[in-house]
Amino acid sequence: MSRYSANEIEAKWQEAWDKAGIFTATRSADKPKYYVLEMFPYPSGRIHMGHVRNYTMGDVIARYKLSTGHNVLHPMGWDAFGMPAENAAMAIGGHPKEWTYNNIADMRGQMKPLGLSIDWSREFATCDPEYYGQQQALFLDMLEAGLVYRKNAVVNWDPVDMTVLANEQVENGRGWRSGALVERRELTQWFFKISSMSEELLSALDTLENWPAKVRLMQENWIGKSRGLEFAFERTDGGEPITVYTTRPDTLMGASFVGISPDHPIAKQLEAENPKVAEFVAECRKGGTTEEAIETAEKLGFDTGIRVRHPLDPNWELPVWIANFILMDYGTGAIFACPAHDQRDLDFCRKYDLPVIDTFFALDDDTPVDNVAFVPPKEQKVRWVNHFAGLTEATGQEAIDATIDFAEKAGWGKGVTKYRLRDWGLSRQRYWGCPIPVVHCDDCGVVPEKKENLPIRLPDDVTFDKPGNPLDRHPTWRDCACPCCGKPAKRETDTMDTFVDSSWYFARFTAPRAETPTDLAEAEYWMNVDQYIGGIEHAILHLLYSRFFARAMHITGHLPKKACEPFDALFTQGMVTHEIYQTRDAKGRPVYHLPEDVIELNVDGKRQVVLRHDLLVKEGASDEELFLIAKSNDLVVETVPSAKMSKSKKNVVDPVSIISAFGADTARWFVLSDSPPERDVEWTAAGAEAAHKHLSRVYRIASEIAASDVAANAADEDLLREMHKTIRDVTNGIESFGFNASIAKLYAFTNTLAKSKAGTAAKTQAAKTLAQLMSPMTPHLSEEIWQMLSGEGLVATAPWPVADESMLVDDTVTLPIQINGKRRAEITVAKDLDKAEVEKVALSTEAVQRALDGASPKKVIVVPGRIVNVVV
RNA sequence: GCGGAUGUGGCGAAACUGGUAAACGCAAGGGACUUAAAAUCCCUCGUCUUCAAUGACUUGCGGGUUCGAUCCCCGCCAUCCGCACCA
C-alpha cells in the first residue's frame, strides 16, 4: 500500500484543476454568483504564514461555494506601490519597478503550491500602468464631481534629509535615517472630500449587518459625530473675535482660559510679529504628526496676552493661550478650557497656575476638584452649582441641550454638529505611486490632464542616490503641454497614497482588462463582494476609504448603486504567532534565534529549549544529560510565547519550507485547526507535525477501506448516523466561520470511522463524504481519496453532501439531573416523553430521593431535551 | 492620552450565546507490537482531599441577578491591537 506523499499528490491535482479550468470565473444565468475576496498582499517578496491563513480561509469559502452550485469569483492581485520598494532601491540599489515585479513573480511562485482556487487570469498589480491609468481616470472624474481639492496640510519634515517622512519613519520623534528631530511642516496637498460623506458613512454602518460589530463601532468612533455649541469670544483689544467649538457648553461658567491651536490664524499672525511666539510655536511643531504623538506630548502653553470677554459676563476676562494639544483640524481650532471637568485642561491649569472653578458636583459629594477632574458619564445626574440656565439637578446631556437652547435663544451661539473625520490627504512626495494627473500652468493654474493622455506613466530612468522625490529632479518628465492653452507647463510630481490603489481594486477585479475603470455589466453581475476577509488592522482606514470610493464611483458612473456598500460581509482574521527564542549578550540585551536553530528537550517532563550546537550531538545521551551540557555552555534559550511573527525577532516560519516538508494540505489544515479564525493562532512545530500525521492517517484509513471487502452489517447504521451529523456540523462550521470547530468534528468522525466495524460499502460512503467535507481545507488529499474510492469526476466540483434529517434524530436522550443547580445524576428517556413524565422519572432517581429525604421538592424545572433541575 | 479587544487545564481550545465546563488536538505518563528504532494501536490525563468516589473546588479577581452563569449586570486587574504618510 502506498504512503501519503503530499508533494506528488499536490502537483498532480493542481495540474488537473488547471486543465479543467474549474476556477475561472464565468457569468451565467443558471447559477447564483458568489464573490469571495481576501485583502490582496503587498509584494514583499516572501509569503508568510499570515498569508497562508488569510488565503486558506478565503479558499475554504470559495471551494465550499463552488460545490454548492455558485459561479465563484475568487481573484488575486498585488498592492504593489509603496515605500518598501523605494527603501530597497535606496538601501541596495536597483529600481523599485524591477524589485516589485521580481517580488510578485517570487510570491506568485510561492503561493501557487498552496492550491488556492484562484482565477489567476484576472491577476493584476496596482503598479501596472493599465491599472493606475484607470485610477487616474477615476481621479479626474472625482475632480470634476467636486470630490477632490487642494489645501495646506501638515507633514513630518526631516530637516537634515530635507524630505517628508511617513509616520513609520519617525522613531521617538527622530527621522529613521538621519536621526534628526522631526518637525511638522505645511505643504499644499490634494484631498478627497470624504468629510462631505461623514453622515452617510456613519448612518450606513447600520446596514452592514454582516460586519463585525467592533469594526462598525471603530468606524463610528473614527467618524466621531458630536453635537456642540459654536460661539465667539469678543476680544478686549477689538480684534477679530475668536470662534470656539465645544461639546460641553454646559461648563461655560467653569471656563478658565481660551486655547488656540499653534496653527490657528491668530497664532500665525503672532508668530510673524513676536519672536517669543515664533519660538514657542516652533517648539510645538517639534515631534510627529500622529494623534498619539500630539496627545502624549508634554502639555505646553503660551499666554498670548490677548484677553477675551466671557459671553455671559462682560466684566469677566479670560486669557488666550496657545496650547500644543489643540488640533487645528478639529472644530474651529480654538476651545475654552474647563479644568474642573476635563483632565487635560486641569493638568494644563495646574501647570500654568490658572483658576479651577467647579460647576457641578456628584449628588452626594461636593468636594472641590483637586488634581483629578470630575468627569461623570453624560447620562449621570449631577448637582449644578454654577449654571446660567437655572439648572439644579440634571444630567450632563440635559444640561448640554439646555445650554445650546439658551445660547440660541439669547443669540450668542448656535448648536452645530461636527465630525472628527478629516478629509483624506492623498498626496505623497514619493516616486513609487500613481502619478496625480494634473498639470501646473503659469497661465491656467492647476488643470486636469486630458483623459486621452492617460496613463501618465512613471519614468523608468530615475535614481535614489539623493534625498527627495526623483520625479521632482527628473530632467524632462515634468515638462508637458498645458491641456488648456497648450503652452509649456509642469506636471504635478506628487503621487497618490497607496490607500487609493486598494480602495477600488475589488471593483476592478470584476473586469480587470476593461478600457474604462469598470465595465458596468460585469460590475452589476459580480458586485458586491459577498465575503471579504482580512486583518483587523484595516478596520478603519482601508475599509472606510473603500466605502467612500465606492460611493464616489457610483456618483461618477463607474459602479451601480447597490455597490455603494461594496462588502456585504466582512471577516477579520487573527494573526499567526510564534514563540520567540532568545539568549542574552554580555550587556543583558536579547539575542534572537530562528526556530530551526533551537532544539527542544524533555527534561523530567518539562520542556526545555536549547541552541542547536555540536556539543549536543552525542550518541545515546538522554535529554537530561544534553540539558546539563547545554546549561554549562550557556546554550539554554528563553522562550516568549505567542508573539506576532517578525523578522527582527526571528520568530518566523517560512511557508515554503513547511510546504516542502509536509505539503500544502498540512499547512492549510494546521492554520485553520488550532484557534478560532478571528483569534491569533500560534504556529508550533509539534502542531504542524500532528496535522501531517492526521492527514497521513486519513489517507491510510481510506486506502484500507479501498482494499477491504466486508459485508454490510449492523454497524453500518451507527456509522452513517455519525456521518450525517458530521455533514451537518462541518457545514454549519464553514457557514459560520467556525473552521476550527469543523476540523474538530472531522477529527472526531475520523476516529469513529477508524473504529467502526461497518461493511465496506458503508465505510466507502463515509470515507468519500469525509474527503468531501475535508476538501475545502485539504483539497489535494481529498481529490486523491475521492479517486481512490472511485468518486466521480473531481471532488472540487462534486455537489456538497446534504445531511439526511431523518438520520440526525436519536430516539432517546440523556438528561442531566441537577439538585440545586449541581449535577447529581442522569436519566435516559424517550425523546418525546412529556414534561410530567420526565419529572416523575427524575424524582424517582436515587440521588434525588436521597436529597429529598422524604420531603417534597420546592420546585422542579424541566427543560425538554436539555436538563432537569430539582430545588430542595 | 483616546479608542477597540482578549482572559477557561501544562498548552491551543470547545460548550448549539442562560441548561452536564473542559469536546477535539498538542504536550506528558503508562502499555502493546518490534532484536531495536521509526511508524502504528490501546489506556490515563482540570485541582484538591496521601488512594478513590456517585466528595469538595474550578472558566483573570471581587460583587450581583437567576432554580441554574464561561455566557447577563456592576466594579477592579492583566495582556494585546489601532490612532489618519506602513501596507
Side-chain angles (χ1 to χ4, degrees), chain A residues 3 39-42 44 79 81-84 153 155-156 164-170 189 214-215 217-218 221-222 224 289-297 299 325 329 343-344 420-430 497-499 501-502 535-542 544-545 575 600 602 605-607 641-644 673-676 678-682 684 686-687 689-691 693-694 696-697 700 729 732 738 740-741 743-748 751 754 814-826 846-847 850 858-861 863 865-871:
Chain A
R3 285 183 51 169
M39 291 179 184
F40 65 166
Y42 179 79
S44 59
D79 191 9
F81 275 135
M83 291 201 314
V155 294
N156 297 307
V164 176
L165 296 179
N167 283 334
E168 70 155 15
Q169 296 175 318
V170 180
Q189 308 207 48
K214 65 174 167 184
V215 174
L217 183 61
M218 284 163 90
N221 290 332
W222 188 256
T289 59
T290 67
E291 194 163 304
E292 184 194 7
I294 292 164
E295 295 275 330
T296 52
K299 308 286 168 279
F325 58 83
D329 290 315
Q343 190 61 47
R344 193 167 52 181
R420 201 182 78 101
L421 180 64
R422 312 201 291 255
D423 277 334
W424 170 12
L426 68 112
S427 300
R428 298 290 180 272
Q429 296 68 42
R430 303 186 193 285
D497 179 8
T498 55
F499 270 121
D501 312 334
S502 57
I536 185 70
E537 65 273 22
H538 294 292
I540 299 174
L541 293 183
H542 162 61
L544 191 63
Y545 291 162
M575 297 181 302
E600 296 180 20
N602 177 4
K606 236 182 109 191
R607 175 172 175 266
S642 307
K644 180 176 180 169
S673 65
D674 249 24
S675 291
E678 67 275 15
R679 225 182 287 176
D680 292 351
V681 65
E682 172 115 333
T684 62
E689 263 169 56
K693 267 188 202 171
H694 176 72
S696 306
R697 181 169 180 238
R700 197 170 54 244
D729 292 345
N732 286 346
N740 57 325
I743 285 183
K745 296 291 178 194
L746 289 166
Y747 266 109
N751 290 339
T814 299
L815 299 179
I817 309 296
Q818 293 185 334
I819 296 168
N820 292 340
K822 299 248 177 223
R823 181 181 167 279
R824 285 297 127 108
E826 59 184 37
E846 198 195 318
R850 212 184 317 132
K858 281 198 191 125
K859 197 172 177 184
V860 180
I861 293 124
V863 184
R866 286 239 183 264
I867 204 166
V868 180
N869 191 11
V870 182
V871 185

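Chain letters run A, B, ... following the sequence lines, proteins first, then strands; residues in each count from 1. Note that these values count all heavy atoms, side chains included, but never hydrogens, waters or copies made by symmetry.
Pair assignment for rG12(B): rC24(B), on the basis of Watson-Crick or G-U wobble contacts that are both within less than 3.5 Å. When both pairing distances are held under 3.5 Å, rC72(B) makes a Watson-Crick or G-U pair with rG64(B). Both distances falling under 3.5 Å, in either a Watson-Crick or a G-U wobble arrangement, occur for no nucleotide opposite rC85(B). rU6(B) is paired with rA78(B) under the Watson-Crick or G-U wobble criterion, all donor-acceptor distances under 3.5 Å. The partner of rC57(B), taking Watson-Crick or G-U wobble pairs whose two distances both stay under 3.5 Å, is rG46(B).
Comparing Lys693(A) and Trp222(A) along RNA chain B, the residue whose closest nucleotide (by nearest heavy atom) sits nearer the 5' end is Lys693(A). Ranked by how close their nearest RNA chain B nucleotide is to the 5' end, Ile540(A) and Pro84(A) are led by Ile540(A).
Residue Val164(A) is classed as a base contact, given a heavy-atom separation below 4.0 Å to a base. At the heavy-atom level, Gly687(A) lies nowhere under 4.0 Å from the strands shown. Among the atoms of the strands shown, base atoms are found under 4.0 Å from some heavy atom of Gln189(A). Contacts of Asn732(A) with the nucleic acid, taken as non-hydrogen atoms under 4.0 Å apart, are absent. Contacts of Phe499(A) with the nucleic acid, taken as non-hydrogen atoms under 4.0 Å apart, include base atoms. Base engagement by His538(A) is indicated by at least one non-hydrogen atom pair under 4.0 Å involving a base atom. Contact annotation for Arg344(A): no contact, since no heavy-atom pair falls under 4.0 Å across all strands.
Within the 4.0 Å cut-off from OP1 or OP2 of rC85(B), at least one side-chain nitrogen or oxygen of Arg428(A) is found. Contact annotation: Arg824(A) reaches the phosphate of rA56(B) (side-chain N/O to OP1 or OP2, under 4.0 Å). Using a 4.0 Å cut-off, some side-chain N or O of Arg700(A) falls inside it from OP1 or OP2 of rC41(B). Of the side-chain N and O atoms in Thr498(A), one or more sit less than 4.0 angstrom from OP1 or OP2 of rA87(B).
Rounded to a whole Å, the NE2 atom of His694(A) is 14 Å from the C1' atom of rC26(B). Atom OH of Tyr545(A) is separated from atom C1' of rA87(B) by 13 Å (rounded to the nearest Å). The separation between Leu541(A) atom CG and rG4(B) atom C1' is 14 Å, rounded to whole Å. Atom CD in Glu689(A) sits roughly 13 Å away from atom P in rA38(B) (whole-Å rounding). Nucleotide rC86(B) holds its P atom 12 Å from the CD atom of Gln429(A), rounded to whole Å. At whole-Å resolution of the value, CH2 in Trp424(A) and P in rC85(B) are 10 Å apart. Across the protein-nucleic acid pair, Glu846(A) atom CD and rU54(B) atom C1' stand 9 Å apart, rounded to whole Å. Distance, Ile536(A) CD1 to rC81(B) C1': 9 Å, rounded to whole Å.
Taking the P atom of each, rC77(B) and rC61(B) are spaced 15 Å apart, rounded to whole Å. Using C1' as the reference atom, rU8(B) and rC57(B) are 15 Å apart when rounded to the nearest Å. Comparing the C1' positions of rU40(B) and rU34(B) gives an interatomic distance of 11 Å, to the nearest angstrom. Separating the P atom of rC71(B) from that of rG63(B) is a span of 15 Å, rounded to the nearest Å. Across rC72(B) and rA87(B), the matching P atoms stand 39 Å from one another, rounded to whole Å. Comparing rU6(B) with rG55(B), their P atoms sit 36 Å apart, to the nearest whole Å. For rA23(B) and rG10(B), the P atoms lie 14 Å apart once the distance is rounded to whole Å. Here the separation of rA15(B) from rA69(B), taken at their C1' atoms, is 13 Å to the nearest Å.
Looking only at distances, a side-chain donor or acceptor of Asn156(A) sits under 3.5 Å from a matching main-chain atom of Leu165(A). Distance alone, capped at 3.5 Å, is enough to place a donor-acceptor pair between the Asp680(A) side chain and the Met575(A) backbone. Judged by distance alone, with hydrogens and angles left aside, the side-chain atoms of Gln169(A) form a donor-acceptor pair with the main-chain N or O of Ala166(A) at under 3.5 Å.
Residues Gln189(A) and Gln429(A) form a side-chain contact, since some pair of their non-hydrogen atoms from C-beta on lies under 4.5 Å apart. Between Ile861(A) and Val868(A), every side-chain heavy-atom pair lies at or beyond the 4.5 Å cut-off. Contact check for Ile867(A) versus Gln818(A): side-chain heavy atoms found under the 4.5 Å cut-off.
Among residues two or more places apart in sequence or in another chain, the side chain to side chain donor-acceptor pair (under 3.5 Å) test is passed with Arg422(A) by none. For Glu600(A), the salt bridge (Lys or Arg N to Asp or Glu O under 4.0 Å) criterion is met by Arg607(A), not counting sequence neighbours.
For Met83(A), whose side chain is taken as the heavy atoms from C-beta onward, the closest listed nucleotide among rC24(B), rC57(B), rC86(B) is rC86(B).
With its glycosidic angle within 90° of 0, rU17(B) adopts the syn conformation. Nucleotide rG9(B) is shown with a syn base, its glycosidic torsion being within 90° of 0.
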> For nucleotides 5-21 of chain B, read 5' to 3', which letter fits each nucleotide if B means a protein heavy atom sits under 4.0 Å from the base, S means only the sugar-phosphate is that close, and - means neither?
Replying inline: S-S----SSS-B--BB-

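For the pair Arg697(A) and Ala754(A), the tightest heavy-atom approach, listed with the atom from each and the gap, is NH2-CB, 3.5 Å. The two residues Thr498(A) and Phe81(A) make their nearest non-hydrogen contact at CG2-O, 3.3 Å.
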